[in-house]
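Following: one structure in structure tokens, then a few remarks.
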Amino acid sequence: MPKVLVSDPIDQVGIDILSQVAQVDVKTGLPAEELIKIVPEYDAMMIRSETKVTKEIIEAATQLKIIGRAGVGVDNVDVPAATRKGIVVVNSPEGNTIAAAEHALAMMLSLSRHIPEANQSVKNNKWDRKRFVGTEVYKKTLGIVGLGKIGSHVAAVAKAMGMKLLAYDPFISIERADQIGCRLVDLDILFREADYITLHIPKTPETTHIIGTESIAKMKPTARIINCARGGIIDEIALLQALREGKIAGAALDVFEKEPLGESELRSLGKEVILTPHLGASTAEAQVNVAVDVAEQIRDVLLGLPARSAVNIPGLHPDALQTLRPYLQLAETLGNMVGQLAGGRVESLNIRLQGDLANNQSQPVVVAALKGLLSQALRERVNYVNASIEAKERGIHVIETRDADVRDYSGSLQLSAKGALGEHSVTGALLGDNEIRITSVDEFPVNVDPTQHMLFTLHRDMPGIIGRIGSLLGSFNVNIASMQVGRKIVRGDAVMVLSLDDPLPDGILAEIIKVPGIKDAYTVTL
Ligand SMILES: NC(=O)c1ccc[n+]([C@@H]2O[C@H](COP(=O)([O-])OP(=O)(O)OC[C@H]3O[C@@H](n4cnc5c(N)ncnc54)[C@H](O)[C@@H]3O)[C@@H](O)[C@H]2O)c1
Ligand SMILES: O=C(O)[C@H](O)COP(=O)(O)O
């Protein structure tokens, strides 16, 4: 039974799902050294934001297939290291959207009405009404940085509260912003005009310290900033100074440059600052959503099925995947075959996607072809996650061509590889019940059902040659299951494809090549 390590607190519903297919060990709060020690035992890890899945942990993992992040941000996972190792990383892109948006809105209202301080004051037996006069958000301008899933929900609710909405998001169209009711502006205008600024962006090199001394200088002295996205988007030192000097009116932070927040002068500020310990996703509903979403994906991957929200393999809608799945098998088989025909050490692979495959949903077919191509060299180390990286690192030049007009079959695929044994090509398609057929080899037409042991020859089409090959194989006790000859002209060059019941013994290829009329011979094992 596979083993799953749950290293952060996850809702029980997720653990129940995983327990159907795996042994689940819940071990939260482990130090990095301990994780490195135990990770080799596990096939899957399920985490939230607390566990840092570093390169060292990934390197120590010998059988890890999947890391499931029960939440959105995967910045606590070294995704490139996981990809290199063929470990799929999945998340739950939408499970906590509402929770995070509501937390940002709650922060905005709490800041406006000093709710945390007022509450504390009453609990301290005071009745101080003057100190806590607030401001209304009605008719104020909210500047939303990042108009994605969370930013859009914040916009919808803020609009209902009568706020004017500005947004900055370089990847969102004016039409989309219009639909949401936001005026798309550049960052400078947003900083200058907003009364409240709420951040809903990922942490990237471009967004790191997007709020700092320079940007704060553009803001109104009455401006309030809310960050429920990621620590590090705000320069905390610059913010602290601005708050102390009254350059802005307040800030509400759920996320910090370093978490957990250690000693920080932010803690010493008054009612102008609200701090929460990364609670954006902490609602009962969101925790059920993300736990189910991610546990189901881990379960599927452990059962050999694809994941629906993988961050490091080409994304595909489940319906599209259903249609594409037989083609993935075809591409892998052809990749494996052409890699062997080309004799390994492949320099280039030309992938021709034809007919229905010539659409832009078929990127996974390309990855499957690479996986097949590399499978002889890398065996189970290569998978859909790392095939492209491995091919790149081996210097394989991959050329994709798409031709929707080739309609011999509804969809067909031709792979041509150049390697130690020269350039070879195979074409394949799906017949009837998605049965794989090889329809040409080195441009010679054939109709072959691929089998585990195969022999390919290039020969001169002449009487007696097939018989001689048959007798030779018989003398080595190799049984022929089927045989096909493909030729373009009578008595010209031809290819012969034999499916064999037995593997070819060592030395037989050298004998085959000696047969008069045989120009070349290749074995393929699938
Ligand atoms: N506090 C929490 O507990 C909590 C919970 C959930 C999500 N989050 C964080 O909230 C953030 C937003 O999540 P989401 O689900 O809305 O993501 P999303 O991908 O739906 O939206 C992010 C938006 O940011 C935009 N963006 C990217 N780079 C930008 C840039 N340089 N300038 C402006 N906009 C840019 C994108 O175009 C996108 O529209 C993420 O960082 C996520 O990790 C935090
Ligand atoms: O990216 C996320 O989903 C949030 O930051 C939530 O993190 P958490 O799962 O640790 O609450």
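The basis for the numbers below is simple: all heavy atoms, side chains too, and nothing from hydrogens, waters or symmetry mates.
Checked by atom type and distance alone, the side chain of Asn76 pairs as donor or acceptor with a backbone atom of Thr51 at under 3.5 Å. A donor-acceptor contact shorter than 3.5 Å links the side chain of Asp461 to the backbone of Arg491. Between the Lys519 side chain and the Asp493 main chain, no donor and acceptor come within less than 3.5 Å of each other. With Asp442 contributing its side chain and Ser425 its backbone, the two residues share a donor-acceptor pair below 3.5 Å. In this structure a side-chain-to-backbone donor-acceptor pair under 3.5 Å is present from Asp8 to Arg48. Without hydrogens or angle criteria, Ser362 side chain to Ala358 main chain gives no donor-acceptor distance under 3.5 Å. A donor-acceptor contact shorter than 3.5 Å is absent between the side chain of Arg299 and the backbone of Leu303. For Lys65 (side chain) and Gln63 (main-chain N/O), a donor-acceptor pair under 3.5 Å exists by modelled atom type. Asp403 contributes a side-chain N or O that, together with a main-chain N or O of Asp405, makes up a donor-acceptor pair within less than 3.5 Å. Put simply, the side chain of Arg402 gets close to the backbone of Asn359: a donor and an acceptor are under 3.5 Å apart.
We find the CG-CD1 distance between Leu147 and Ile201 to be 12.0 Å, quoted to the nearest 0.5 Å. Atom OG1 of residue Thr439 and atom CG of residue Leu431 lie 9.0 Å apart, to the nearest 0.5 angstrom. Separation of atoms CZ (Arg230) and NE2 (His278) is listed at 4.5 Å; rounding is to 0.5 Å. Here the straight-line distance linking atom NE2 of His153 with atom NZ of Lys149 works out to 14.0 Å at 0.5 Å rounding. In this structure, NZ on Lys371 lies 3.5 Å from CD on Glu332, to the nearest 0.5 angstrom. Considering OG1 of Thr62 and CG of Asp43, their distance stands at 9.0 Å, rounded to 0.5 Å.
With salt bridges taken as basic N to acidic carboxylate O contacts below 4.0 Å, none links Asp75 and Lys203. Note on Glu296 versus Arg308: salt bridge recorded, some NZ/NE/NH1/NH2 to OD/OE distance being below 4.0 Å. One finds a salt bridge joining Arg394 and Glu390 here, because a Lys/Arg side-chain nitrogen approaches an Asp/Glu carboxylate oxygen to under 4.0 Å.
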**OP:** Determine, stepwise, if the pair Val145 / Ile211 fulfils side-chain contact (heavy atoms from CB on, under 4.5 Å).
**Re:** CA-CA 11 Å; Val145 184; Ile211 306 284; 5.9 Å; no

Original post:
Would Asn386 and Leu378 satisfy side-chain contact (heavy atoms from CB on, under 4.5 Å), going step by step from the backbone distance to the final call?
Top reply: CA-CA 11 Å; Asn386 62 3; Leu378 300 178; over 6 Å; no

Original post:
Would Val365 and Leu324 count as a side-chain contact (heavy atoms from CB on, under 4.5 Å) if you check the C-alpha gap in whole Å, the side-chain angles of each, and the deciding distance to 0.1 Å?
Top reply: CA-CA 8 Å; Val365 173; Leu324 217 50; 3.9 Å; yes

**OP:** Step by step, work out the side-chain contact (heavy atoms from CB on, under 4.5 Å) result for Thr457 and Ile465.
**Re:** CA-CA 11 Å; Thr457 66; Ile465 198 158; over 6 Å; no

**OP:** Quick one: do Asp78 and Lys52 satisfy salt bridge (charged side-chain N to carboxylate O under 4.0 Å, His left out)? Show the steps, please.
**Re:** CA-CA 8 Å; Asp78 189 332; Lys52 311 292 171 224; over 6 Å; no

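The heavy-atom pair separating Pro450 from Ile436 by the smallest distance is CD-O, 3.4 Å. Contact detail for Leu500 and Thr451: the closest heavy-atom pair is N-OG1, 4.4 Å. Here the closest non-hydrogen pair linking Met45 and Ser7 is CE-OG, 4.0 Å. Of all heavy-atom pairs between Ile512 and Ala521, the closest is CG2-CB, 3.8 Å. Residue Asn91 comes nearest to Gln297 through the heavy atom pair O-NE2, 3.0 Å, listed as atom of the first residue, atom of the second, then distance. Between Gly343 and Ala420, the shortest heavy-atom contact is O-CB, 3.4 Å.
Screening Leu334, Val497, Thr427 for a side-chain contact (heavy atoms from CB on, under 4.5 Å) with Ile438, the sole residue that qualifies is Leu334. The only member of Ile58, Val53, Ile57 that meets side-chain contact (heavy atoms from CB on, under 4.5 Å) when paired with Val39 is Ile57.
Side-chain atoms of Asn336 and Gln340 form a donor-acceptor pair, as typed in the model, at a separation below 3.5 Å.
Contact of the Val382 side chain with the Leu373 side chain is not registered, since no non-hydrogen atoms from C-beta on lie closer than 4.5 Å. Put simply, the side chain of Ile180 reaches to within 4.5 Å of the side chain of Arg176, judged on heavy atoms. Within the 4.5 Å cutoff, the side chain of Lys27 has no heavy atoms near those of the Glu34 side chain. A heavy-atom distance below 4.5 Å is not found between the side chains of Leu349 and Ile399. Between Glu33 and Glu56, the closest side-chain pair of non-hydrogen atoms is not below 4.5 Å. When side chains are defined from C-beta on, Pro2 does not count as touching Val21, because their heavy atoms never get closer than 4.5 Å. Residues Leu509 and Leu455 meet the side-chain proximity criterion, which asks for heavy atoms closer than 4.5 Å. For the pair Arg460/Arg487, no side-chain contact is recorded, criterion being any heavy-atom separation below 4.5 Å from C-beta on.
Residue Lys55 places its NZ atom among 12 or fewer non-hydrogen atoms of other residues, nucleotides or ligands, all under 6.0 Å distant. Within 6.0 Å of the CZ atom in Arg437, the count of heavy atoms belonging to other residues, nucleotides or ligands exceeds 12. In Arg345, the CZ atom is not crowded: 12 or fewer heavy atoms of neighbouring residues, nucleotides or ligands sit closer than 6.0 Å. Asp506 CG: 12 or fewer foreign heavy atoms inside a 6.0 Å radius.
Aromatic rings of Phe456 and His424 (six-membered ring for Trp) have centroids beyond the 6.0 Å cut-off, not under it.
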